Enquirer: 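Please find one structure pasted underneath; my questions will follow.
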Amino acid sequence: MEFSSIKGFRDILPPETGLWQGIEETARKVFSSFGFLEIRTPAMEFTELFSRGIGQETDIVSKEMYTLSDSKGRGMALRPEATASVVRAYLQNGLHEAGGVHKLYTIGPMFRHERPQKGRLRQFHQINAELLGDPGPVSDAEMVIMAMTILEAIGIYEVRLCINSLGCVSCRPGYRNTLSGYLSGIRNSLCEDCRRRAELNPLRVFDCKVESCKEAIKGAPSISEHICRGCAEHFDQVKSYLDLAGLAFTFAPNLVRGLDYYCKTTFEIQTDRLGAQNAVAGGGRYDGLVKMLGGPEMPAIGFAVGMERVAALLEDTIPRYSKGADIFVAALGEASKKRIFPIIAALRKKGLRVEMEYGEKGLKAQLKRADKLNAGKVIILGEDELKRGEAIVRDMATKAQETVPLDRLVSLAERH
RNA sequence: GUGGAUGUAGCUCAGUUGGCAGAGCACCGGGUUGUGGCCCCGGUGGCCGUGGGUUCAAAUCCCUCCAUCCACCCCA
């Protein structure tokens, strides 16, 4: 084979595309019920937008972006996530000037240059929601509830909702220092990765999978005991609204998300069925981001659902057979084919799914195909029928056949 | 970037101590000259991932590269 797709980029074929259409359609309905409207932003932005928004030291920015330069030497990058783009569009189009709360969603491909594995592609797709202009905590709960509602509506139930609070600008730096101090004290019992984490983003040490590290950090100061009164109250409120919605959740003090801009509420929806990639959806509050990208002080919160991961959880629900044609046209011979061709067009105008044999095949072969296509009715037009100006209409389920004048076929046709 | 596994028909996979390339499904045709599903019979379809090496002989043994998958890292 001369050409193949790029590593980590894949084709989505029928019937899987049917599943994807269903996922998108369902998500749009849920968004609509929460009053979220769609925004579509470009797949490429100036690199600076991401490096400033997501964080220079994050893996996403430091080693996973697809970058190139334009003819003037400006760095551009395929978007590795949606939030920075949405915030940029929000500011550029003056939505913040209009005031009020903006509730936006977007669905589309993201790009990260990572080594592919189960549930992880280089081009992957996210369903993304952003709520800008409200400080919470009710909006925090709304977002979590909406994410769970989408998954449930799609048909995914075996998931775990984990939530945490990372604190805000006034309390997180203090905690970070406290934690750093603790970690340097136990540095010798930490794995190599964690020593690196201790420098870059000490909070990440909490979700290390190495047993010795888990043991070593048991005595570490916890976030929940160090967040400020405001953050603690905010978090309590979020939890109480989740309770009111009847949502079961797990408080996960180790849940530390990788993007720099998160603060206060963070959450992740996890499954055990996707190998090492257990996050189906994740998100959190990012009150500082709008300002960081040149806008006003503006609270916001968002989340993303991984479409490949959702699709993977649903792959055994992919229908094996299409819904079926309404009518299959079996015309025998060229004269019959020409006589029936305009009639086929008229039947389709009525909204019917009409299929036909393109080549020259015997009746047996054509009926076989009609069967494969799960056709409801077959219109049979042979030379004898053609001479009489009639066609045979066969009901595939009952095998009943009737003779119908050709000029009445369209008016008699109905959806089966 | 690091580690492990796997590459044979459109798909899922067999292939023995190295000895003619296989099955099931799918597709096409026949059994029925113009009537589907089930059944029966037949057929199409392969650079055995790539390039080298060993050998009388390689899908099989050795090496190279490539691809895919899984895991680490990180994330949706």
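In what follows, chains carry the letters A, B, and so on, assigned in the order in which the sequence lines appear, proteins first and then strands, with residues in each chain numbered from 1. The model shown is predicted, which means the values in this text are computed figures rather than measured ones.
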Enquirer: Test: side-chain hydrogen bond (donor to acceptor under 3.5 Å, both in side chains). Region: residues 401-411 of chain A. Which pairs qualify, not counting sequence neighbours?
Expert: A:R394-A:Q401
Enquirer: Pull out every stem in RNA chain B, meaning runs of 3 or more consecutive Watson-Crick or G-U wobble pairs with both distances under 3.5 Å.
Expert: B:1-7 with B:66-72, B:10-13 with B:22-25, B:27-31 with B:39-43, B:51-53 with B:61-63
Enquirer: Taking atom types as they are modelled, is there a donor-acceptor pair under 3.5 Å from the base of B:C75 to the side chain of A:Q117?
Expert: no
Enquirer: Is there any protein nitrogen or oxygen under 3.5 Å from a nitrogen or oxygen in nucleotides 1-12 of chain B, and what are the pairs?
Expert:
from, atom 1, to, atom 2, distance (Å)
B:U2, O4, A:R115, NH1, 2.9

Enquirer: Tell me, please, which residues at least two apart from A:R273 pass side-chain contact (heavy atoms from CB on, under 4.5 Å).
Expert: A:E158, A:T271, A:L313
Enquirer: I need the CZ-C1' distance between A:F9 and B:C69, as an integer number of Å.
Expert: 18 Å
Enquirer: Which whole-number value in Å describes the distance from A:L367 CG to B:U35 P?
Expert: 9 Å
Enquirer: Tell me: CZ of A:F328 to P of B:G37, nearest whole Å?
Expert: 14 Å
Enquirer: Checking A:E357 now: which residues fulfil side chain to side chain donor-acceptor pair (under 3.5 Å) with it, not counting sequence neighbours?
Expert: A:R369
Enquirer: By nearest atom, which of the nucleotides B:C70, B:U35, B:G37 is closest to the A:R394 side chain?
Expert: B:U35
Enquirer: If the condition is side chain to side chain donor-acceptor pair (under 3.5 Å), which residues does A:R309 pass it with, not counting sequence neighbours?
Expert: none
Enquirer: So which nucleotide from B:A76, B:U35, B:G37 ends up closest to the side chain of A:R112?
Expert: B:A76
Enquirer: Pairing donors with acceptors under 3.5 angstrom, does anything connect the side chains of A:R285 and A:S139?
Expert: yes
Enquirer: Looking at the side chain of A:K118, which of B:C73, B:C70, B:G37 is the nearest nucleotide?
Expert: B:C70
Enquirer: Might you list the N or O atoms of the protein lying below 3.5 Å from N or O atoms in nucleotides 28-30 of chain B, with each pair's distance?
Expert:
none

Enquirer: Return each pair, listed once, that meets salt bridge (Lys or Arg N to Asp or Glu O under 4.0 Å) where at least one residue sits in residues 19-32 of chain A; pairs must be two or more places apart or across chains.
Expert: A:E24-A:R28, A:E25-A:K29, A:R28-A:E38
Enquirer: For the pair made of OH in A:Y105 and C1' in B:A76, what is the distance, rounded to whole Å?
Expert: 19 Å
Enquirer: In whole angstrom, give the distance that lies between atom CD1 of A:I60 and atom P of B:C73.
Expert: 16 Å
Enquirer: Listed in order of residue number, which residues of residues 126-133 of chain A have a non-hydrogen atom at under 4.0 Å from RNA chain B?
Expert: A:Q126
Enquirer: Please state whether the base of B:U35 and the side chain of A:Q366 form at least one donor-acceptor pair under 3.5 Å?
Expert: no
Enquirer: Show your working on salt bridge (charged side-chain N to carboxylate O under 4.0 Å, His left out) between A:D59 and A:R112 and close with a plain yes or no.
Expert: CA-CA 10 Å; A:D59 282 17; A:R112 292 181 199 171; over 6 Å; no
Enquirer: Could you pull out all residues at least two apart from A:T265 that satisfy side-chain contact (heavy atoms from CB on, under 4.5 Å)?
Expert: A:D140, A:H234, A:V238
Enquirer: Would you mind telling me which of B:U68, B:C73, B:U35 lies closest to the side-chain atoms of A:K7?
Expert: B:U68
Enquirer: Any idea which heavy atoms bring A:F31 and A:N128 closest together, and the distance?
Expert: CZ-O, 4.3 Å
Enquirer: Would you indicate which nucleotide in B:A76, B:G36, B:C70 comes nearest to any side-chain atom of A:F124?
Expert: B:A76
Enquirer: When the distance from CD of A:E357 to P of B:C27 is rounded to whole Å, what number comes out?
Expert: 13 Å
Enquirer: Heavy atoms, side chains only, cut-off 4.5 Å: are A:L255 and A:T266 in contact?
Expert: yes
Enquirer: Could I get the full list of ring-ring contact (aromatic ring centres under 6.0 Å, His included) partners for A:Y175, not counting sequence neighbours?
Expert: A:H226
Enquirer: Look only at the side chain of A:S69 and the backbone of A:G75, and say whether a donor-acceptor pair between them is shorter than 3.5 Å.
Expert: no
Enquirer: Once you round it to whole Å, what is the distance between P of B:U32 and NZ of A:K399?
Expert: 16 Å
Enquirer: When you get a sec, tell me which of B:C70, B:U35, B:A76 is the closest nucleotide to the side chain of A:Y262?
Expert: B:A76
Enquirer: Measure from CD on A:E81 to P on B:C74 and round the result to the nearest Å.
Expert: 18 Å
Enquirer: Which residue pairs pass the salt bridge (Lys or Arg N to Asp or Glu O under 4.0 Å) test with at least one member in residues 81-92 of chain A, sequence neighbours excluded?
Expert: A:E45-A:R88
